[in-house]
Amino acid sequence: MEEKASREGYILQASGISKFFPGVAALKKVDFRLRRGTVHALLGENGAGKSTLIKILSGVYPPSEGEILFEGRPIENLDPLKTRKIGIAVIHQELNLVPEMSIAENIFIGREQTNRFGIIDYAEMNEKSRMLLARLGLDDIDPRTKVSDLSIAYQQMVEILKAVSLDAAVLIMDEPTDVLTEKEVKRLFAIIKNLRDDGKSIIYITHKLDELQEICDEYTILRDGQFVASGLLEDVSKQDIINLMVGRELTDQYPYAPCSDGPAFLKVEHLSQGRILNDISFEVRKGEVLGLFGLVGSGRTELAKALIGASKPDSGRIVLNGSDISIRSPRDAIRNDIFYTTENRKKDGAFLYLSVAFNTTISALGSVLSNARLISSRKEKDSVDQKIDELGIKTPSQSAEIRNLSGGNQQKVILARGLMINPKLMILDEPTRGIDVGAKTEIYQIINHLKKEGVSIIMISSEMPEILGISDRILVMYQGRISGEVSRENASESLIMRYAFGEK
Amino acid sequence: MNIQHDTVLVNRNRRAADLALRFKSLLILLCLCLIVSILNPRFLTMTNIMNVARQTSINAVIAMGMMFVILTGGIDLSVGSVLAFSSCIAGALIQSGCNYIVAMLASLAVGALIGLINGAVISRLSLAPFIVTLSSMSIFRGLTLVFTGGMPISGLGDDFSSVGAGYFLGIPNPVIIMIIVFLVILFVTNKTKYGRHVYALGGNEEAARLSGIRTSLVKMSVYAISGFLSALSGLIVAARLSSAQPDAGTSYEMDAIAAVVIGGVSMSIGGKGSVSGVIVGALIIGVINNALNLLNISPFWQQAVRGLVILFAVVLDRITSKKTA
């Protein structure tokens, strides 16, 4: 067994792994093999069992059955500390760094280098960190920099460095590019390639199919807790992968419903706010999906926040349905039938520890009141049921805490919250971020349905195919101003990117 | 078909677990009562039970206000000082010939106003609730001492003292007050928009704001409620003694916080917990205090034992919630 494993070059082999939670089988006899010195994509829709598998491999959960071999030897009774010791490190989406400490201090946290008097030897730690940074091609970064002064991308790289300095042979990266700009992604990929050439093995989880061919060598696909396929990425197309993940032909990933030429619903004129927004003018017609594209930092979310009164613009006019309005708070926006859904569901969208019903009705409690102006349990239950049905929300019950739902279903609950106010304008900020392919298409269908009802939609997105596939018209932002407007017919990836980089 | 059957089963199991969880603190309370009544049968006499209920009512009323504050992720350390300050106001008014009902209303208004000021400072200046209410705890204790010269205000008349010492249908008035406050809060948290807004604010402040909730207003209001109920509790204390004491309510914030936490309101995750739990939490503390007296435990030991039992209850809660999660 041992000999065979090393001959085939597998560093990590998991076979027949199952995991049962009370009443649910999260994994059913899954096989997963990681070859030494490769980047291995672990793919599947949300709820397919990826995170359960990762948690088993990193020792968070014990498997209910199955065997794990590390370098050909069986390993048992894992816990997170033990897996770190034998050389498996997970880089989570939520980073585990101490913001007020320097890069070097973070890398050596818990095993600080000391001199013979037991005093921390900063010179030594900084020097070692500098060497680590150089090894990943990050020579330009001073290890004495405070982590809180780094962008998210660099913080993530510190986390990677920490794992490398622990001599981890296997690195597990959970959607590392989700929050990164294009340039930062390039840099991360260069680092991953460096690590791979160094003989490290990497398990890479992503929802961005475009990244696969660029960075990954092999893939394993899970669906509904079961192994579906694995192999070399060069042997399959993107469409093949999507089909394997969802188990059906996704003939139309981006359904588009043309819009009728409605009158302008919202007109924004010369909106400016400090250095964030610069003389912004545009309009959205009734029943139109206006795509808003821009690189991270271009001011898209800031524009949305200014429109709903969550921040205060210095100057400019907002005209709604032909009359001037002033929106000073999100509450005002909702009163004017405008609803904003945030780009970061967990941070400022969902009430994670509260129920699906609570999350659905919180913005429109007025509509579930009885004659005595009190919350009517029956009315609330009926209207939540209706929304669950209408949007196809998968939840065990109305009273389930929303954090137990998959990302896609959480997003649908937030959309339901918006729909409860009978909106005339929905501003959707990254409506499909971090959710699986199948749920994405369902969200697009919801958008199309709203459009037919005459609801105007501003869809902020970083995903080019989504912007191109769903929008009637596309605005591009660059450094706080509108750098271009493209109609659906004339839209192309290269044109939009040119505008996004501020070129004419 | 099979799958449906499975999910029904799972749901039923979950519901049973939910039920057990929901009444976990109630189970602790019942076990505690059982143990105490075995150790000393006098515990179960009607007089003693009424005693426990009456003693509990003072803490329970404060704790129910504290619950609102903790639900939003805050804390109110000033409850004991507000209790003393507002009850001395009532005492002084009655002594100067004011009608006792007017005096009581004025006292409640003062309590609510102090809470409102706490809340305004916390929400408008974005300061830490711990620091702000720590300051007002000291400020109002000091002002009470200045205002009374450190002397109790006594002789407050029979009408007023009947509020704390009288009975209604054989039940002590303070217990009646506690039950009324409980029912009102049960209603407010379950049936009103305001109740939902409090939970939303605690659950996720930014999400609450984006959902159209006036977060700073709600935040101010919970401190006002806490101040109001502290003042109400102060009236009970003063009426029972027929005397307003400037040093009343010292360290009452500890028992109130303990009741809230034992009752299952989370101090780390906002928006979790209910008023039923808080009442049970207050009763647990009341029974412990009563038992320590019944069992003749030296007052020197009482504090330590009480602390241990509270810690035990919270640890038990943590262990059982981990298992079901």
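Below, read A as the first sequence line, B as the second, and so on, with proteins coming before strands; counting in each chain starts at 1.
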Item to check | Intermediate values then yes/no, side chain to side chain contact (heavy atoms under 4.5 Å, CB included), V198(B) and V222(B) | outcome: CA-CA 8 Å; V198(B) 170; V222(B) 294; 4.1 Å; yes
Item to check | Audit row: N118(B), S78(B), side chain to side chain donor-acceptor pair (under 3.5 Å) steps and yes/no | outcome: CA-CA 9 Å; N118(B) 275 339; S78(B) 71; 3.2 Å; yes
Item to check | Min side-chain heavy-atom separation L127(B)-V132(B) under 4.5 Å | outcome: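 They are in side-chain contact.
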Item to check | Y340(A) side chain reached by M426(A) side chain, heavy atoms, under 4.5 Å | outcome: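 A side-chain contact is absent here, since even the closest heavy-atom pair is not under 4.5 Å.
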Side chain, backbone, both or neither: which part of [X] has a heavy atom under 4.5 Å from chain B?
X: A350(A); answer: backbone
X: S329(A); answer: neither
X: T361(A); answer: side chain
X: I414(A); answer: neither
X: I334(A); answer: side chain

Next on the checklist: If you count heavy-atom pairs within less than 4.5 Å of chain A, which of S266(B), G203(B), G271(B), S211(B) leads?
Outcome noted: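 Of the options given, most contacts go to S211(B).
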Item to check | When K191(B), K272(B), R209(B) are compared by non-hydrogen pairs under 4.5 Å with chain A, the top option | outcome: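 Winner by heavy-atom pair count: K191(B).
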Checklist entry - Is chain A contacted by the side chain of Y199(B), its backbone, both, or neither, given a heavy-atom distance below 4.5 Å? => result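 Both parts, backbone and side chain.
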Checklist entry - Measuring heavy-atom distances to chain A, does K193(B) have an atom under 4.5 Å in its side chain, in its backbone, in both, or in neither? => result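 Both backbone and side chain.
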Checklist entry - Between R433(A) and E343(A), does at least one N-O distance fall below 4.0 Å, as a salt bridge requires? => result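 The answer is yes: the pair qualifies as a salt bridge.
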Next on the checklist: Any salt bridge linking K19(A) with E65(A)? Criterion: basic side-chain nitrogen under 4.0 Å from a carboxylate oxygen.
Outcome noted: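 No, this pair does not count.
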Checklist entry - Of all residues at least two apart in sequence or in a different chain, which pass the ring pair (Phe, Tyr, Trp, His ring centres under 6.0 Å) check with F358(A)? => result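 Ring pair (Phe, Tyr, Trp, His ring centres under 6.0 Å) list for F358(A), sorted by chain: F351(A).
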